[in-house]
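Model, not experiment: these values are computed from the prediction. Residues: numbered from 1 along the sequence shown. Order of listing sets the numbers, starting from 1, for every ligand and every atom in it.
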Amino acid sequence: MTPLQGGCLCGAIRYSVDAAISELRACHCTDCQKVTGAGGTVNALVAAKDFRITQGTPNRFTKKADSGRILHRYFCGDCGVSLYSQREITPERVVLRAGTIENAPPMTLTAHIWTKSKRPWSHIDPAASQTPGSPD
Ligand SMILES: [Zn+2]
Ligand SMILES: [Zn+2]
């Protein structure tokens, strides 16, 4: 397959993903709302071994998430775009912001998480699973 390519708005950070994306998850937690200034994030779950930064070095912001877990959020220090996050306890998984992938194939949402804090104007796809709080 063609690797997926993506990056931030200014082009300083570029990445590639060498595997197909099987799960696309919307997160409605309050931190993701602030990160995007919108209803939350939509993320592709990717194995860290398949994810490569090909240009630049993202900045890292670390905070205890609504789940109580330590979450590292990676973003471009120049344009501020949020690119991905990783839980401290599961570094083998990258939670990649789906909107930063440039050559993504058609994908549908498979899950909504943190729906208990979703904004009233956020759309929930009834075909996707819903979890009020943190997933496993
Ligand atoms: Zn940038
Ligand atoms: Zn979130």
- Message: For the residue pair Arg69 / Ser134, report whether a side-chain donor-acceptor contact shorter than 3.5 Å exists.
- Response: yes
- Query: Does a side chain donor of either Ser117 or His28 reach within less than 3.5 Å of an acceptor in the other side chain?
  - Reply: no
- Message: Among Thr115, Asn43, Thr36, exactly one meets side-chain contact (heavy atoms from CB on, under 4.5 Å) together with Cys27. Which residue is that?
- Response: Asn43
- Message: Is it the case that the side chain of Gln86 and the backbone of Pro91 share a donor-acceptor pair, with hydrogens and angles ignored and the cut-off at 3.5 Å?
- Response: yes
- For Asp66, which residues count as a salt bridge (charged side-chain N to carboxylate O under 4.0 Å, His left out) partner, sequence neighbours excluded? none
- Message: So, using ring-ring contact (aromatic ring centres under 6.0 Å, His included) as the criterion, who are the partners of Tyr84 when residues are at least two apart?
- Response: Phe51, Tyr74
- Out of curiosity, Thr30 OG1 to Gln33 CD, how far, rounded to the nearest 0.5 Å? 6.5 Å
- Item | Residue and atom names of protein N/O/S atoms that fall under 2.8 Å from the Zn ion (ligand 2) | Cys27 SG, Cys29 SG, Cys32 SG
- Option passing side-chain contact (heavy atoms from CB on, under 4.5 Å) with Leu4 (candidates Ile101, Asp18, Val46): Ile101
- Residue and atom names of protein N/O/S atoms that fall under 2.8 Å from the Zn ion (ligand 1): Cys8 SG, Cys10 SG, Cys76 SG, Cys79 SG
- Message: Checking side-chain polar atoms at under 3.5 Å, does Ser16 have a donor or acceptor matched by the opposite partner on Arg52?
- Response: yes
